[in-house]
Engineer: 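Quick one: this structure, given as structure tokens, is what I'll be asking you about.
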Amino acid sequence: MVYCYLCKGKLMAETLKKLDDLVALCKRRGFIFQSSDIYGGLASCYDYGPLGVELKRNVKNAWWKSVVQTRDDMVGLDCSILMHPMVWKASGHVDKFADLIAECKKCNTRTRVDHLQGVENEETTHHEQPEAAMAKDGLNDKVCPKCGTTGQFTEPMPFKLMFETQMGANVDDSMKVYLRPETAQGIFTNFSNVLNTTRLKLPFGIAQIGKSFRNEVTTKAFIFRTREFEQMEIEFFCVPGTDEQWWEHWKNERMKWYLDLGIRKENLRFRPHADDELAHYAKACVDIEYLFPFGQGDWQELEGIANRTDYDLRQHQRGMRSITKWFENGRDTEKTPLVDEPDDWSKGPLSYFDDESRKRYIPYVIEPSAGVDRGMLAFLVDAYAEEEVRGEKRNLLRFHPSLAPIKAAVFPLVKKDGMPEKARTIYNELRQYFTSFYDQKGAVGRRYRRQDEAGTPFCITVDGQTAEDNTVTIRDRDSMEQTRINCDKLLGYLREKLGI
RNA sequence: GCGGGCGUAGCUCAGUGGUAGAGCGUCACGUUGCCAACGUGAAUGUCGUGAGUUCAAGUCUCAUCGCCCGCUCCA
């Protein structure tokens, strides 16, 4: 009858059927608000409210603890959002994030030019030659994937997928810079810094959590795909040849993380990328997907685990050597080509010297890259439940204790006989160890239900018996059952149950 | 960007050209003896925004912003 996040016991209650119900709850309880709400909102931007910010922080902390604090082979990093524009040239984003899109005049469907199927040639519309792709003639033999009409396309138009801004207050003398479209590149550019300061040896990884920005063509479904979003990324550097086993390692580690935090197994799956779907840098990639309640139910990516090989470090070696060219081109990043890779690239400035094999090489990289916001959405969706209790509906969020925004709420049963004072004393002690909440207003039943909707695992109630034997009741969110415990043992009991 | 739906109190929604509403929630006081109790009272509205038509617009028209669904897109 009772669902248990530890044993994955059967869930009797109704789960979330449509996103709307969750959106309403998020607003009602202060998890997530529309950005700039009083101005009519700004599309696909969201703000995290009092409960949401706690949940989001808990998600990030759980990740950090899992991949950094409890491992010997991982360290953390926090890079700036603005980076040297040539970073994005080297990574390929400046070129690849300027997609060309053409619109079918017949059905108004927009399609990426390089995705259009034609009669012949496969690479003519590749990004390296935007001018060639721009030629409208090149689309005359292309077929619209929607309506099947041939050659009825508008001029290809470039889509800028990176946010641009200027650095320097003097507009005439300012430089175009980009808001990072991923946190990964900050890790690559600090690879040698970390190597030189930590005495780490391969294999080791660097983790980072932070905001990234992408001008997505379309956004989707509440906080699932937004243009400003937060990432949790790992770049795990390993000896070439061991990359496949480390890829397997991280695949399993990351899936386990979601399961350990209470997401139901049947709502998670791996989805390997097909060869033609792989990004330009990747040798292999698998997504961890969650069954979201968009529409009729939709498997969508939570996280991708990619084998990036030695692509990025090699690219940055080229980028480093292209800086002179960049100055010569008047700091025009788009017009500065990367210099060619020398023959001895494996001994370059971002290479690694292996003491055991006495060899120098560029490490391979496994990248588990997760979206904080969409992960949070998955935790919310999976925790959402509606139950019927004595003919009344009970809404609750069955968060794993370590994710719950509030760990414990403390109530006096009624507002008299010294109960509020005792309850406050308990509250003041608990709040030093974890987020706690005090409430004395209205009927105790109502207070319990309010905490159910916030996902608070435990409610502690001071009642008439407390004055006699110093015991209080602990009410469990999921089972609604109460147990009595001595106040002296309360903190220890809760810390054990909460894993804190 | 296309097509469909929607936007009225914190939430869910009613209101088809003539005084801005309900339920729930919130707050105060009273009551209280463990699951959204009860009584009394109270606060809360740019009717998404801006124009237009009209004696009169939440209601009709146009534009615009936002959300949901389906496409498209998601290196």
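Fair warning: this is a prediction, and the values are worked out from it, not measured in the lab. Heavy-atom basis, side chains included; hydrogens, waters and symmetry copies ignored.
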Engineer: With respect to the phosphate group of rA36(B), does any side-chain polar atom (N or O) of Arg28(A) fall under 4.0 Å of OP1 or OP2?
Structural biologist: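 Negative; the distance criterion is not met.
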Engineer: Does Tyr364(A) form a ring pair (Phe, Tyr, Trp, His ring centres under 6.0 Å) with Phe237(A)? I'd like the steps, not just the answer.
Structural biologist: CA-CA 6 Å; Tyr364(A) 265 42; Phe237(A) 302 93; over 10 Å; no
Engineer: Name the closest nucleotide to the Arg225(A) side chain, picking from rC11(B), rC73(B), rC34(B).
Structural biologist: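 When the side chain of Arg225(A) is considered, rC73(B) is the closest of rC11(B), rC73(B), rC34(B).
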Engineer: Using the C1' atom on both, measure rC35(B) against rC68(B) and round to a whole Å.
Structural biologist: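 Approximately 34 Å lies between the C1' atom of rC35(B) and that of rC68(B).
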Engineer: Do Arg475(A) and rC34(B) have a side chain to base donor-acceptor pair shorter than 3.5 Å?
Structural biologist: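 Check fails, no donor-acceptor contact within cut-off.
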Engineer: On RNA chain B, check which nucleotide each of Ala43(A) and Arg449(A) is closest to and give me the residue with the more 5' one.
Structural biologist: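 Nearer the 5' end of the strand: Arg449(A).
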Engineer: What interatomic distance, in whole Å, is found between P of rG1(B) and the corresponding atom of rA63(B)?
Structural biologist: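 Here rA63(B) and rG1(B) have their P atoms 15 Å from each other.
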Engineer: Using the side-chain heavy atoms of Arg446(A), tell me which of these nucleotides is nearest: rG25(B), rC34(B), rG33(B).
Structural biologist: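 Comparing rG25(B), rC34(B), rG33(B) against the side chain of Arg446(A), the answer is rG25(B).
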Engineer: Classify the side-chain pair Gln465(A)/Asp463(A) by whether it contains a donor and acceptor separated by less than 3.5 Å.
Structural biologist: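 Looking only at side-chain atoms, Asp463(A) and Gln465(A) do not form any donor-acceptor pair under 3.5 Å.
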Engineer: Choosing from rG10(B), rA36(B), rC35(B), which nucleotide comes nearest the side chain of Tyr448(A)?
Structural biologist: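 Given the options rG10(B), rA36(B), rC35(B), the side chain of Tyr448(A) is closest to rC35(B).
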Engineer: Provide the distance between the two C1' atoms, one in rG50(B) and one in rG66(B), to the nearest whole Å.
Structural biologist: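 Taking atom C1' in both rG50(B) and rG66(B), they lie 15 Å apart.
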Engineer: Taking NZ, NE, NH1 and NH2 as the nitrogens, is one of them in Glu386(A) or Arg394(A) under 4.0 Å from a carboxylate oxygen of the other?
Structural biologist: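 The answer is no: the pair does not qualify as a salt bridge.
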Engineer: Thr333(A) vs Trp88(A), test: side chain to side chain donor-acceptor pair (under 3.5 Å). Steps then yes/no.
Structural biologist: CA-CA 9 Å; Thr333(A) 311; Trp88(A) 307 112; over 6 Å; no
Engineer: Going by purine N1 to pyrimidine N3 plus the second Watson-Crick contact, or the G-U wobble pair, all under 3.5 Å, which nucleotide sits opposite rA9(B)?
Structural biologist: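 The base-pairing partner of rA9(B), which may sit in any strand shown, does not exist here.
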Engineer: Would you kindly compare Leu42(A) and Met419(A) by the position of their nearest RNA chain B nucleotide and give the one closer to the 5′ end?
Structural biologist: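 Per heavy-atom nearest nucleotide, the more 5' residue is Met419(A).
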Engineer: Regarding rC35(B), can its base be found pairing with the side chain of Asp452(A) as donor and acceptor, where the two atoms are less than 3.5 Å apart?
Structural biologist: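 Under the 3.5 Å cut-off, the side chain and the base do not form any donor-acceptor pair.
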Engineer: Could you tell me whether the phosphate oxygens of rU32(B), OP1 or OP2, come under 4.0 Å of any side-chain nitrogen or oxygen in Lys415(A)?
Structural biologist: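 For rU32(B), OP1/OP2 do not have a side-chain N/O of Lys415(A) under 4.0 Å.
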Engineer: Given rC35(B), is OP1 or OP2 found less than 4.0 Å from the side-chain N or O atoms of Gln482(A)?
Structural biologist: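 It does not, given that no N or O in the side chain of Gln482(A) lies less than 4.0 Å from OP1 or OP2 of rC35(B).
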